[in-house]
Amino acid sequence: LGVLSRVIATYQKTKGNALLQPAKAAVDGVLARMVVETEDIPLRIACMKQFGGIQLERRGSRQGGATTTGRADDATPDDVHARALWIVALGRALKSSVGVIRIRAMEILTDSFKHPHGDPTYAEAWRKVVPILAEAASSQDPNTRSAALTLLGMLGPEAAGALEIVRSLASGSQDAAFRKSAEAAISS
């Protein structure tokens with residue numbers, strides 16, 4: 001797992017063509033282990049945590065249309081899109097039957113907002129996760145509901161696909177705190 005994550009991070013740092021296919025294979029391998037329900041839970045969590053290593057911005061890496069060195073001509077496209085793929089896989093993990101997997105996925109998705117989302121593949125990744133978040137907002141677990149509503153609110157316009165579900169949940173709930181969280185997500 002450590003070696004695969006280093007391949008991904010090295011590709012993202014250097015954008016070296018020789019690492020493109022190995023980086024794609026590494027992402028596929030790590031994400032496959034993360035989403036398989038029958039896989040060892042500590043391994044699944046370790047796979048999830050690799051998101052932090054690939055999320056780090058490094059000097060000279062792409063940020064928006066330019067690199068952190070400030071020269072737009074230094075920017076090269078990321079053909080692996082590991083971070084966006086991780087977001088989708090973490091979203092799928094929200095459907096896990098294992099509570100600790102759902103909780104960790106929600107934490108990592110929330111933490112992902114601390115990092116730049118300049119790559120356009122992020123928007124598409126989050127659009128794929130929005131229906132899963134909307135479903136999680138109707139969970140019986142109050143922590144899952146709250147975290148899902150927080151994420152939907154953080155997404156703002158990207159979460160427009162969940163508006164009807166969240167409105168329905170807000171109007172049908174007797175819990176004032178939940179209604180307030182749902183209304184905050186709707187207004188975001």
Side-chain angles (χ1 to χ4, degrees), residues 1-36 39 44-68 72 74-96 101-137 147-148 150-162 185 188:
L1 181 58
V3 171
L4 294 174
S5 298
R6 286 179 198 241
V7 169
I8 298 164
T10 301
Y11 167 76
Q12 287 185 307
K13 183 178 180 181
T14 65
K15 303 292 190 266
N17 285 336
L19 288 176
L20 176 59
Q21 292 309 316
K24 285 182 178 182
V27 168
D28 291 344
V30 174
L31 295 182
R33 290 291 190 205
M34 184 172 80
V35 298
V36 174
E39 188 60 73
R44 291 178 70 192
I45 291 172
C47 289
M48 294 169 132
K49 289 180 179 180
Q50 299 310 304
F51 184 71
I54 63 165
Q55 191 69 19
L56 298 173
E57 291 295 320
R58 293 175 176 86
R59 181 160 181 73
S61 65
R62 185 179 174 148
Q63 195 174 36
T67 65
T68 54
D74 285 346
T76 56
D78 179 355
D79 293 322
V80 174
H81 306 293
R83 291 173 243 182
L85 292 170
W86 236 273
I87 288 170
V88 173
L90 287 166
R92 283 193 213 119
L94 296 176
K95 292 183 170 191
S96 176
I101 296 293
R102 290 190 311 269
I103 290 166
R104 191 64 186 129
M106 199 69 83
E107 290 170 350
I108 294 170
L109 286 170
T110 302
D111 286 347
S112 77
F113 282 90
K114 295 177 184 174
H115 305 283
H117 284 192
D119 190 318
T121 59
Y122 276 114
E124 181 58 31
W126 281 110
R127 276 191 286 278
K128 290 177 182 176
V129 173
V130 164
I132 299 168
L133 288 171
E135 183 180 321
T150 298
L151 274 170
L152 288 168
M154 292 169 85
L155 284 169
E158 294 296 330
S188 290

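Given the structure is predicted, the values throughout are model-derived calculations rather than measurements.
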Throw together a table of side-chain donor-acceptor distances under 3.5 angstrom for residues 23-36, partners on residues two or more places apart or in other chains.
residue	atom	partner	partner atom	Å
Arg33	NH1	Glu39	OE1	2.7

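Put simply, CD1 on Ile108 and CE on Met48 are 5.5 Å apart, with the number rounded to the nearest 0.5 Å. Atom CD in Glu107 sits 12.5 Å away from atom CZ in Arg102 (nearest 0.5 Å). A distance of 10.5 Å separates CD1 in Ile132 from CH2 in Trp126, rounded to the nearest 0.5 Å. Note that the NZ atom of Lys15 and the CG atom of Asn17 stand 11.5 Å from one another [nearest 0.5 Å].
Residues Ile87 and Phe51 have side chains in contact (heavy-atom distance under 4.5 Å, counting atoms from C-beta outward). Side chains of Leu152 and Ser188 form no contact here, defined as non-hydrogen atoms less than 4.5 Å apart. Residues Arg104 and Lys49 meet the side-chain proximity criterion, which asks for heavy atoms closer than 4.5 Å. Using a 4.5 Å cut-off on side-chain heavy atoms (C-beta onward), Leu133 and Met106 make contact.
Every residue meeting the side-chain contact (heavy atoms from CB on, under 4.5 Å) condition with Thr110, not counting sequence neighbours, appears here in chain and number order: Leu151, Met154. With sequence neighbours left out, Arg127 forms a side-chain contact (heavy atoms from CB on, under 4.5 Å) with Ala123, Glu124, Glu158.
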Step by step, would you call Leu155 with Val129 a side-chain contact (heavy atoms from CB on, under 4.5 Å)?
CA-CA 11 Å; Leu155 284 169; Val129 173; over 6 Å; no
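Taking both residues in full, the closest heavy atoms of Ala137 and Ala148 are given as N-CB, 3.6 Å, listed atom of the first, atom of the second, then distance. Scanning all heavy atoms of the two residues, the minimum distance from Ala84 to Ala125 falls at O-CB, 3.4 Å.
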